[in-house]
2 protein chains.
Amino acid sequence: MSGYKIGELAERTRTTASTIRYYEQIGLLRRPDRQEGNQRRYGEDDVARLTFIRRGRAFGFSIEQVRTLASLVQDRSRSCMEARDIAQAHLADVRAKLRELKALEKSIAVFVAACDSECAGGPGPDCVILDDLSVSGPADRSGCCKAPSA
Amino acid sequence: MSGYKIGELAERTRTTASTIRYYEQIGLLRRPDRQEGNQRRYGEDDVARLTFIRRGRAFGFSIEQVRTLASLVQDRSRSCMEARDIAQAHLADVRAKLRELKALEKSIAVFVAACDSECAGGPGPDCVILDDLSVSGPADRSGCCKAPSA
DNA sequence: CTTACAAGTTGAAGCCACTTGAGGTTCAAG
DNA sequence: CTTGAACCTCAAGTGGCTTCAACTTGTAAG
């Protein structure tokens with residue numbers, strides 16, 4: 001009678017029933033009580049734990065990192081500074097990815113802009129932009145979609 | 001006698017022999033000629049194609065996107081604008097990820113800073129920061145590592 | 001020539017974090 | 001009572017490789 005069904009828990013934590021069953025399978029969530037008809041029933045503590053887990057995942061922590069963080073929540077005596085260390089290590093990763101992604105965005109934007117400006121006249125048969133991806137040196141975009149001179 | 005061995009090709013394109021065999025298996029790279037002893041031998045065109053592929057992957061394009069881009073290189077008659085479209089769609093994805101990642105970085109930085117400033121006195125048994133991850137509302141960090149008042 | 005060892009070969013399995021599918025049971029509304 | 005949504009289990013699929021096991025080939029030193 002009481003408690004949330006798996007779909008309700010999923011809705012409350014913005015995830016899916018499948019994911020919840022998966023977390024149970026890998027031991028990240030406890031096995032809940034079952035109703036008469038064998039359906040899982042969850043309580044408020046499950047909502048809290050799963051919210052914690054999803055929050056951590058949304059923060060980009062791996063399942064194992066989340067597992068550690070969650071265990072720190074249980075064992076309060078040594079939690080805060082350890083959590084800080086995990087988070088800080090993760091922050092370094094995130095910042096590295098951020099730098100990479102910024103460089104990537106710039107490169108692609110340049111690529112698109114080159115296509116727009118230099119190939120705007122129509123699809124030439126000698127577009128050099130794609131060639132740039134095949135060679136190792138810095139790009140030389142002069143001559144993209146060049147007139148059939150050669 | 002002539003041509004690169006798989007390890008040499010790997011080195012030149014900054015990848016691994018395993019990855020090269022994998023690309024061959026999924027049909028992204030052609031099956032190369034074999035030497036007497038059954039070892040693969042590659043030429044300059046293979047270096048160029050694999051460089052293209054790795055470049056595209058480093059740009060965050062999926063294998064299938066790279067496959068399409070590579071086929072556009074072959075069929076020059078309609079390449080440039082199609083490549084532009086793929087790149088532009090991808091650019092939108094990258095920018096979305098970039099926004100997400102920026103928000104993420106800020107969140108974690110705030111988390112770490114809160115740990116530093118509010119838990120600096122030592123690991124209190126009632127740290128509230130970890131609780132923040134378990135509830136759905138906005139964080140209230142007053143009382144982190146609070147004195148054993150209650 | 002032998003010995004050793006690096007680098008190559010194959011096919012299959014493992015990784016992460018889920019998602020999807022098949023095939024069945026249970027629940028709640030009309 | 002019937003319908004259809006939501007639940008159940010177990011297995012396999014996803015992407016993009018990496019790793020493993022067990023073997024063969026190539027190469028340099030002694």
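Each chain gets a letter, A, B and so on, in the order its sequence line appears, and its residues count up from 1. Only heavy atoms go into these numbers, but all of them, side chains included; no hydrogens, no water, no symmetry mates.
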Answer yes or no: is there a side-chain heavy-atom contact under 4.5 Å between [X] and [Y]?
X	Y	value
Ile20(A)	Tyr42(A)	yes
Ile53(B)	Leu29(B)	yes
Glu44(B)	Tyr4(B)	yes

Contact list for residues 102-115 of chain A, test salt bridge (charged side-chain N to carboxylate O under 4.0 Å, His left out), sequence neighbours left out: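 Matches after skipping sequence neighbours: Glu105(A)-Arg95(B).
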
Please report the interatomic distance CG(Leu69(B)) to CZ(Arg55(B)), rounded to the nearest 0.5 Å.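 So the gap between those two atoms works out to 13.5 Å.
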
What distance do Gln39(B) atom CD and Ile6(B) atom CD1 have between them, rounded to the nearest 0.5 Å? 9.5 Å

Decide if atom CD of Glu11(A) counts as having more than 12 heavy atoms of other residues, nucleotides or ligands within a radius under 6.0 Å. no

Under 4.0 Å from a heavy atom of chain A: give me the 5'-most and 3'-most nucleotides of DNA chain D that qualify.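 Boundary nucleotides touching chain A, in 5' to 3' order, are dC7(D) to dT9(D).
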
Determine, for nucleotides 8-21 of chain C in 5'-to-3' order, which nucleotides have protein heavy atoms under 4.0 Å from the base (write B), from only the sugar-phosphate (write S), or from neither (write -). SBB------BBSB-

